[in-house]
Every structure is written in structure tokens, then in C-alpha cells.
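Take a look at the structure below.
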There are 2 protein chains.
Amino acid sequence: MLNQASPMPLYQQLADRLSAAIRRGDYPVGERIPSEHALAARYRVGRPTVRQATEVLVRRGALSRRRGSGTFVTGHPRELAAFSMAGTAASFRDQGLSVDTQLLEGVGARSVPADAGDNPFRGEKALFFRRLTRTEDGPALLEETYLDPELFGELRQVELDGRSLSAAIREHYRTEPTGGQQLFQVATASGARSTALELSAGAPVLLIRRHLHFPHGDSAVYSELYCRTDRIVPCQDLGDA
Amino acid sequence: MLNQASPMPLYQQLADRLSAAIRRGDYPVGERIPSEHALAARYRVGRPTVRQATEVLVRRGALSRRRGSGTFVTGHPRELAAFSMAGTAASFRDQGLSVDTQLLEGVGARSVPADAGDNPFRGEKALFFRRLTRTEDGPALLEETYLDPELFGELRQVELDGRSLSAAIREHYRTEPTGGQQLFQVATASGARSTALELSAGAPVLLIRRHLHFPHGDSAVYSELYCRTDRIVPCQDLGDA
DNA sequence: TATGTCAAGTTGTCTTTACAACTTGAGAAT
DNA sequence: ATTCTCAAGTTGTAAAGACAACTTGACATA
């Protein structure tokens, strides 16, 4: 069943299999999946390998173990790793989640209305782009980002599709954010945004407003992230070392 | 070195040892810790047990593995993030309003249902209390917190009204959270909760699920924060410094 | 019927062993 | 002096086995 010769570890392959099976509904929500012993026998691997595989899904929130009883499908939406400053796409990949980010609107100039709430570029011009992230279940995250045109003007010609904004900035400008801030609130999706997220108008979404500060300009990057938390759950690790 | 007879797993004990050693500075930031083989020999345990222990710290962000090279102590603790989880009131940006926190239900024992989603105490008993934070406009934040009864049993008699939980724990137990995680989700307020927040049933709220890890127990504190983001907006500073 | 006991099944923990993939630095070769 | 090769050390993955702790349901008993 599993490819022993593949460079992808067996436990990863198995985790993918199980994840797919859960999505297909082979293992319904709330039900028990086969025991570790049974899975080990079926896929011809050791029990530790099975545990390593289910561990991935437990951490992701898809499975839940009950000692003495079994391992169950939780039906929780998958959780995303740290919304750190590293970049949205990067934190997806790290979790092994297959998500796909697509550029809806390339980097271009835009005049920001003067009444645009928290937007640090309100009443001015800014660079703007829009990205959409999908899970297997459908669109999950709409990202609208504003950039300081004086600092990041050259990004206009940069490929952003499938790569992190932070990475692009780091490579082109050799600078990194010095800090930032995130605000979380419940908002209602407007017309264009609800369409992109396949939501009915007026449905609540999680709105994350993110300010990033750079050495040469506070709030040089501002993003609004509209998130369907039934598909993707933003997750933050709280520090200490 | 480790207590084989203890009910606490060896890998947890070892993780605590390593964590303490890092905090003490025995293993300086950026430096390598002893190899897994060396640790296994020193503590008289198998290498998988060592890996299980370091795995805890890697996930917590305290350690970082480099294949072929070693396991290293990562960057210094992010004090800011640590403090943003210290007190609820402190971590919310003051929008020019005075806030007031009131204890709705004092610390008491409670059986957590087995199907209580992400709650680490599901199917067990936990200490529980409930607080409500108000702005001038009305209730804004409902906080339901579960505590490990074995670790924090004495908090039953402690004054929590108007003071931070973290402060109470720090003073009584001389321990601090080693890390944690926050998940942000849009949820709908149920009966009792919508009443407390003066919302109509089914109105969307921001649900923050917060796990706090302590040296002697992961997820020893778990909170669900139901937030009216029209009155108060949770805010987090993004580290670096 | 109601209750208690027990056996079977399940996950939790741990050991020992083995090999693969990668990094680093020492030393040889140029 | 510079470059290359390689051995040693490190983490990554995996196996098979063992026992402990816990849950559940069947069964015997009252």
C-alpha cells in the first residue's frame, strides 16, 4: 500500500492516507478509526510508525485519542500554525497542510479612501494585491495587502504567486520586519469578498488586521485577512523559549 | 536522575529538566545541547524517549533540530508575547474605554463532558471559573477558564476578582507558563453566553481558545474567551524584540 | 432486574536495534 | 594555499516487542 522506496517518510504517507480517508468520509466524524494495531497490519508498518502518523493528525486537530477506547475523528477544522510575521503561505506549508494560494489581483497602485478605517494608507496611494488561499474544502482565506509605494515600489514586478511576501521583501530589500500588531474581530463579508470566499452576503468572518513595521517605515505593510474559520483556524503560539 | 517510579512519564520529566536547564542558562541560547545519544546515556533512557522529550520543547519553540548537526537552543524568550497572555484585560487594546472585570462564578470543581471539543480536561474534572469584562457600552468579554485541579487546587481559596490569573499562579506556585497557543474562530453565542454578553441568540462572536502550558503539565490552563468585537478588540503584538 | 467482576481490546510509554540522510571538520591531494 | 575526499558524529525514520493504564461490554451473580 505505501511506497517504501519513496523519499517521503512512511508516516507522512500514512498521515496523508488517513487525512484523505477522513475527508472522503470513510471514517465519519465522531467515529473510531481502526486501532493502531489494525492500521499497522493493514499498511504493513510498525505500530510506532502508525502512532507517528496519527500524531500528525492529532496535532492538527483532525483526530483525538482516548486511552483504552480508541482514536476518533473530531471533525474540527484544521488548525494553522503561527500567524507569525514569517508569512501566511509559509506557515501553511510547515504544517504539511496542502493549501493552495492564488493571486487574485497582482501588485498595482491604488488610492485608498480617506475613510478606510484602520488602514495606515487612508487618503493616500498604496501598492495593493489580493490573494486567496484554498483548502481541499474550498476557499478559506482572503488576503488584501497594502504596501508603502516608496519603500516597496519594485515589488510591482515581483512574482508573488505561491511565494511569501516576507520572502520577496527579504530577498529584494534585505530587510525584515522589526515588529507588528494584529487585531482580531468578527466582521461581515461584503459582496466581492463573500463571493471569493463562497459565503452568502452578511455571513460572519474573522477579520485580522495586521500591521508590520519595518526599519524604514512603521506600518509599511498592512493586511486585512478575511478568514473562514470553519475551514482554517488561525493559530498562534505564545512564546517563552 | 529521573524517577522511574513516578506517574509522570520519563519523557515529560526529561523535558522539564531540559527546559529548566535552558532557563538557568546551562544551555545558552544558540548553543547546541548534548546529542540525543549523550542525553540517553546520561539519563539512562532510550533514545526515542529523549526524542519524545525534545519533541515537546521543539514544538514549544525552545529547541530547534538541525539534521546532521545537532539540536540547538533557539532565540531568547519573547517576553511581550508571554505578557500578552498574562492578563486578559491587559492584552486587549484599550479603545478609550474603561474596562471592568467581574467574577461571575468563583473557582469550583466541575466535570467536563467527554465531548467538549478542544478542552484538554474533557471527560475529567477540572477547576472552573467564569469572568465577565465590561466596557462602558456593556459586556464585552466572557471568559471561561479550566484549571488542572491537581496542580492548581489551592486556587480555590484565592482572590481572583480584579486580579490576573497569571499573577495568582505566579505568587502561589512560583511557576510561570512555559508557552501556549491561541486559536481564533468565529462562533455563535449559545443561550447562557449570549445572555451574559447581551446578544441575541445565534449572534456571531469571536471565540479564542487559549491553552497555557506549565512546567508540570501541558495545557494545565485552558480558557475560552467569547468576545464582542464591536466593544473590545483583542490585539497582539508581534514579537521580534 | 440490577450489580459487580472480569477478560479483551485500546492507547500510553519505553527499550533496543538498525539504517539512512545530512553536516562538519580533519586531513590528503593538488 | 586551496580544494577535495572522507570519516565521524548527528538527527530522521522505522521495526518489533513489552508492559502499563484505561475503557468497554459480556457475563456471572445476587
Side-chain angles (χ1 to χ4, degrees), chain A residues 1-18 27 30-59 62-74 94 96, chain B residues 1-18 27 30-59 62-74 111 113-115 120-125 150 217-219:
Chain A
M1 295 287 275
L2 302 181
N3 180 5
Q4 299 272 351
S6 161
M8 175 176 285
L10 292 178
Y11 76 88
Q12 271 289 356
Q13 295 183 45
L14 182 50
D16 288 347
R17 297 279 189 116
L18 295 176
Y27 302 134
E31 291 299 295
R32 229 198 64 190
I33 68 172
S35 75
E36 299 174 350
H37 189 75
L39 288 174
R42 177 187 306 182
Y43 290 100
R44 310 296 177 102
V45 295
R47 194 185 144 209
T49 304
V50 173
R51 275 189 77 77
Q52 225 175 335
T54 55
E55 181 71 24
V56 172
L57 301 181
V58 167
R59 272 213 306 275
L63 292 179
S64 167
R65 294 200 187 114
R66 288 185 222 156
R67 181 180 192 161
S69 178
T71 303
F72 297 79
V73 178
T74 62
D94 290 349
Chain B
M1 293 287 275
L2 302 181
N3 180 7
Q4 298 273 352
S6 162
M8 176 175 287
L10 292 178
Y11 77 88
Q12 271 290 356
Q13 296 183 44
L14 181 51
D16 289 347
R17 298 281 189 113
L18 294 176
Y27 301 134
E31 291 297 298
R32 230 198 61 187
I33 67 172
S35 76
E36 299 174 351
H37 189 77
L39 288 173
R42 177 187 306 180
Y43 290 101
R44 310 294 177 102
V45 294
R47 196 188 140 208
T49 304
V50 172
R51 275 189 77 79
Q52 225 175 335
T54 54
E55 181 71 25
V56 172
L57 301 181
V58 166
R59 226 177 306 149
L63 293 178
S64 165
R65 295 200 186 113
R66 286 183 225 159
R67 181 180 193 162
S69 178
T71 302
F72 297 79
V73 179
T74 63
S111 292
D115 62 349
F121 302 106
R122 62 186 174 279
E124 304 171 18
K125 278 187 181 295
E150 296 191 3
D218 265 15
S219 292

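Please read all numbers here as calculations on a predicted model, not as lab measurements. Quick note on labels: first sequence line is chain A, next is B, and so on, each numbered from 1. When reading the values below, keep in mind they use all heavy atoms of this one structure, side chains included, and skip hydrogens, waters and symmetry mates.
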* Is there side-chain contact between A:Gln13 and A:Tyr43, with heavy atoms separated by less than 4.5 Å? -> no
* For A:Arg51 and C:dC14, what is the distance between atoms CZ and P respectively, to the nearest whole Å? -> 11 Å
* Asked: Can you tell which of C:dT11, C:dT13, C:dC22 lies closest to the side chain of A:Thr71?
  -> C:dT11
* **Sidechain-backbone polar pair: A:Glu36 side chain, A:Arg51 backbone, donor-acceptor under 3.5 Å** => no
* Structure fact -> Rounded to whole Å, CD of A:Gln4 lies from C1' of C:dC19 at a distance of 13 Å
* Where DNA chain D forms stems, i.e. three or more consecutive Watson-Crick or G-U pairs with both distances under 3.5 Å -> C:1-30 with D:1-30
* Asked: Looking at DNA chain C, which of residues 36-50 of chain B put a heavy atom within less than 4.0 Å of it?
  -> B:Arg44, B:Val45, B:Gly46, B:Arg47, B:Pro48, B:Thr49
* Structure fact -> When rounded to whole Å, the CD to P distance for the pair B:Gln52 and D:dA14 reads 16 Å
* For the residue pair B:Tyr27 and B:Leu18, establish whether any side-chain heavy-atom pair is separated by less than 4.5 Å. => yes
* To do: Decide yes or no for A:Arg65 and A:Glu55: does some side-chain heavy atom of the first lie under 4.5 Å from some side-chain heavy atom of the second?
  => yes
* Which heavy atom of A:Ser64 sits nearest a heavy atom of A:Thr74, and at what distance? -> CB-CG2, 3.3 Å
* Asked: Taking atom P of D:dT13 as reference, at what distance in whole Å does atom CD of A:Glu55 sit?
  -> 13 Å
* What integer distance in Å separates A:Arg66:CZ from D:dA21:P? -> 22 Å
* Can you figure out which of D:dT13, C:dT10, D:dT24 approaches the side chain of A:Ser69 most closely? => D:dT24
* Structure fact -> Taken to the nearest whole Å, CG/A:Leu63 to P/C:dT11 is 11 Å
* Structure fact -> The residue, A:Gln13 or B:Gly68, whose nearest nucleotide of DNA chain D is more 5′ is B:Gly68
* Asked: Got B:Val73 and B:Leu63 here, is their nearest side-chain heavy-atom distance under 4.5 Å?
  -> yes
* Whole-Å distance between D:dA14 C1' and A:Tyr11 OH? -> 11 Å
* Could you give the CG-to-C1' distance, from B:Leu14 to C:dC14, as a whole number of Å? -> 13 Å
* Heavy-atom closest pair, residues B:Arg32 and B:Gly70 -> CD-CA, 3.9 Å
* Asked: C:dG12 phosphate, OP1 or OP2: any side-chain N/O from A:Arg65 under 4.0 angstrom?
  -> yes
* To do: Looking at every strand, decide which applies to A:Arg32 at a 4.0 Å heavy-atom threshold: base, sugar-phosphate, or nothing.
  => sugar-phosphate
* Are B:Leu39 and B:Ile33 close enough that some pair of their side-chain heavy atoms sits under 4.5 Å apart? -> yes
* Between B:Asp16 and B:Gln12, is any pair of side-chain heavy atoms under 4.5 Å apart? -> yes
* Report the nucleotide, chosen from D:dA14, C:dT15, D:dT11, that has the shortest atom-to-atom distance to any side-chain atom of B:Leu10. => C:dT15
